[in-house]
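Data block below; observations after.
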Amino acid sequence: MAIGLSHGGTTIYSSSSLSNEILVGTREGVVTIARDGAGSEWKVAHRAIPDKHISALIAEPESGMIFAGAFHGAVHASIDSGKSWEQRSNGMTQNNVYSLAARRIDGRMRVFAGTEPAHLFASDDLGLNWQEVPSLRSVPSVPKWNFPAPPHIGHVKHINFDPVVPTTIYASVEVGGLLKSTDTGKSWQEFPELYEDVHRIMIHPSDAKFLYAVTGRGLYVSPDAGATWEQWTRREDEIGGYPDGFVFRPSDPKLILMTAAHDAPGTWRTTHFAGARISRSKDGGGTWEVLRNGLPDRLQASIEAFCLEEASDGCRVFAATTSGEVLCSEDLGDHWRTIISGLPPISKAGHYRNLVAA
């Protein structure tokens, strides 16, 4: 089985055995890195759709098909583990894709795509045809959706589902807020109490009411499905003030790893320095430790893709950067090593350009 490492796709995998192939979403397409077996080095095995800047990668579990979203490049699908791809975007009126997700709902596997401008699309036939979920744009806050960087238009940065009730969907709009639907997208609820720059929502696997909101101002949590929120990390914290990547171990969700830049991307245009860190919590997010063994104290690059894979034979965490490196820990963050370098930037939209030294 191959797993995907991308900005707006799947971030937590439960596998029968650890994967020997990783599909990495880069500025120049999907790069497959592979190793022959345990202990061998990772190498570039394949490159595909190099003219597309990949935003998201997901594997549809029933068909085995892999989907790739692209910035200004629509949605593409592969039936051969990423070796060849075809565009599947019929019915999509927006082609700037930021996020992808899939879930079996009402007896059908449904694939969702979030775009900029912030629209949500759904497909019930593996991407052959898409329909917009127009109700996403019926909430009162839509006129205020905005993004700091040009063209100043908000986007659907992340899509997630209740682990028990698949008709409950969460959409994170950057910058706009968190939206929740309990009826498969027919209607949506907003959470004005939560800071509006929402990067992603992660849901506790055994308590679907417990939500983690990763935002541009830090980590927020809600123990009651969004009725109330509490801020657990802040801009001035040592772990980094601008978090984005967030994964937990499926068998022990109290163990969480989170990535964060020192400050918001707007500062990178002048500093060319993200100051990224990876931190770990062993108590469900209450306390955090900065991880350093094998990592610089602060990375110059930003960590823009982050995923965890757990299997019966181990657990691994992967982090990919705007400078084209993939880092790996095989002991849940105690030690890190760079398993490959020299890839095109792994980056949300134009973040990589702000981090090129003058």
Side-chain angles (χ1 to χ4, degrees), residues 5-12 25 55-56 69 71 96-101 112 114-116 118 120 136 141 145-149 153-161 169-180 190-204 211-222 226 229-235 237 239-248 256-268 274-279 281 285 288 302-308 319-322 346-352 354:
L5 179 58
S6 66
H7 185 79
T10 304
T11 59
I12 299 175
S55 60
F71 296 117
N96 192 8
V97 177
Y98 272 68
S99 53
L100 292 174
F112 291 87
T115 67
E116 180 183 281
L120 185 65
L136 184 85
S141 66
W145 292 359
N146 189 24
F147 189 65
I153 300 170
H155 47 258
V156 179
K157 181 173 164 67
H158 187 247
I159 305 162
N160 208 346
F161 309 94
I169 307 169
Y170 293 90
S172 301
V173 177
E174 187 184 39
V175 175
L178 173 64
L179 279 70
K180 175 185 179 180
E190 296 187 279
F191 298 89
E193 301 84 2
L194 179 63
Y195 181 56
E196 66 270 18
D197 182 10
V198 184
H199 293 174
R200 66 187 69 244
I201 286 291
M202 301 300 287
I203 307 167
H204 196 286
L211 308 179
Y212 296 93
V214 184
T215 80
R217 191 181 281 172
L219 177 68
Y220 290 73
V221 299
S222 172
W229 295 92
E230 182 179 346
Q231 188 174 4
W232 277 13
T233 74
R234 288 168 170 77
R235 275 287 181 93
D237 289 352
I239 65 172
Y242 193 82
D244 191 14
F246 185 103
V247 296
F248 52 76
I256 303 170
L257 292 98
M258 184 166 67
T259 71
H262 181 258
D263 211 339
T267 67
W268 305 348
R277 282 176 164 168
I278 303 175
S279 299
S281 174
W288 295 87
S302 175
I303 298 169
E304 302 270 300
F306 197 53
C307 76
L308 178 148
T321 74
T322 52
I346 298 96
S347 172
K348 177 197 169 189
H351 279 181
Y352 68 99
N354 297 337

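We use all heavy atoms of the structure for the numbers below, so side chains are in, but hydrogens, waters and symmetry mates are not.
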Strictly distance-based, threshold 3.5 Å: is any side-chain N or O of [X] a donor or acceptor partner for the main-chain N or O of [Y]?
X      : Y      : value
Thr115 : Ala118 : no
Gln231 : Thr233 : yes
Ser99  : Ile159 : no
Arg235 : Gly241 : yes
Ser55  : Val97  : yes

Kindly indicate whether the side chain of [X], heavy atoms from C-beta on, has any atom under 4.5 Å from the side chain of [Y].
X      : Y      : result
Leu120 : Phe112 : yes
Tyr212 : His204 : yes
Asn160 : Met202 : yes
Asp244 : Ile303 : no
Ile239 : Arg277 : no
Val214 : His158 : no
Thr215 : Trp229 : no
Ile203 : Phe161 : no

- Task: Start with the C-alpha distance between Val198 and Glu174, add both sets of side-chain angles, then the distance that settles side chain to side chain contact (heavy atoms under 4.5 Å, CB included), and finish with yes or no.
- Result: CA-CA 6 Å; Val198 184; Glu174 187 184 39; over 6 Å; no
- Checking side chain to side chain contact (heavy atoms under 4.5 Å, CB included) for the pair Phe246/Leu219: CA distance, chi angles, key distance, verdict? CA-CA 10 Å; Phe246 185 103; Leu219 177 68; 3.9 Å; yes
To the closest 0.5 Å, what do you measure between [atom1] ([X]) and [atom2] ([Y])?
X      : Y      : atom1 : atom2 : answer
His7   : Glu304 : NE2   : CD    : 6.0 Å
Ile169 : Lys180 : CD1   : NZ    : 12.0 Å
Trp232 : Met258 : CH2   : CE    : 11.0 Å

Where do [X] and [Y] come nearest, in terms of heavy atoms and distance?
X      : Y      : result
Asn146 : Ile153 : OD1-N, 4.2 Å
Ala305 : Ile346 : CB-CG2, 3.7 Å
Thr10  : Cys307 : O-CB, 4.4 Å
Gly216 : Tyr195 : C-CE2, 3.9 Å

- Message: Is there a side chain to side chain contact (heavy atoms under 4.5 Å, CB included) between Phe248 and Ile12? Walk through the geometry before answering.
- Response: CA-CA 7 Å; Phe248 52 76; Ile12 299 175; 3.8 Å; yes
Centroid-centroid under 6.0 Å between [X] and [Y] rings:
X      : Y      : value
Tyr242 : His199 : yes
Tyr220 : Phe191 : no
Tyr98  : Phe71  : yes

- Apply the test side chain to side chain contact (heavy atoms under 4.5 Å, CB included) to residues Asp237 and Trp288: give CA-CA distance (whole Å), side-chain angles for both, the deciding distance (0.1 Å), then the verdict. CA-CA 10 Å; Asp237 289 352; Trp288 295 87; over 6 Å; no
- Message: Can you tell me how the ring of Trp268 sits relative to the ring of His351, calling it parallel under 30°, perpendicular over 60° and tilted otherwise?
- Response: perpendicular
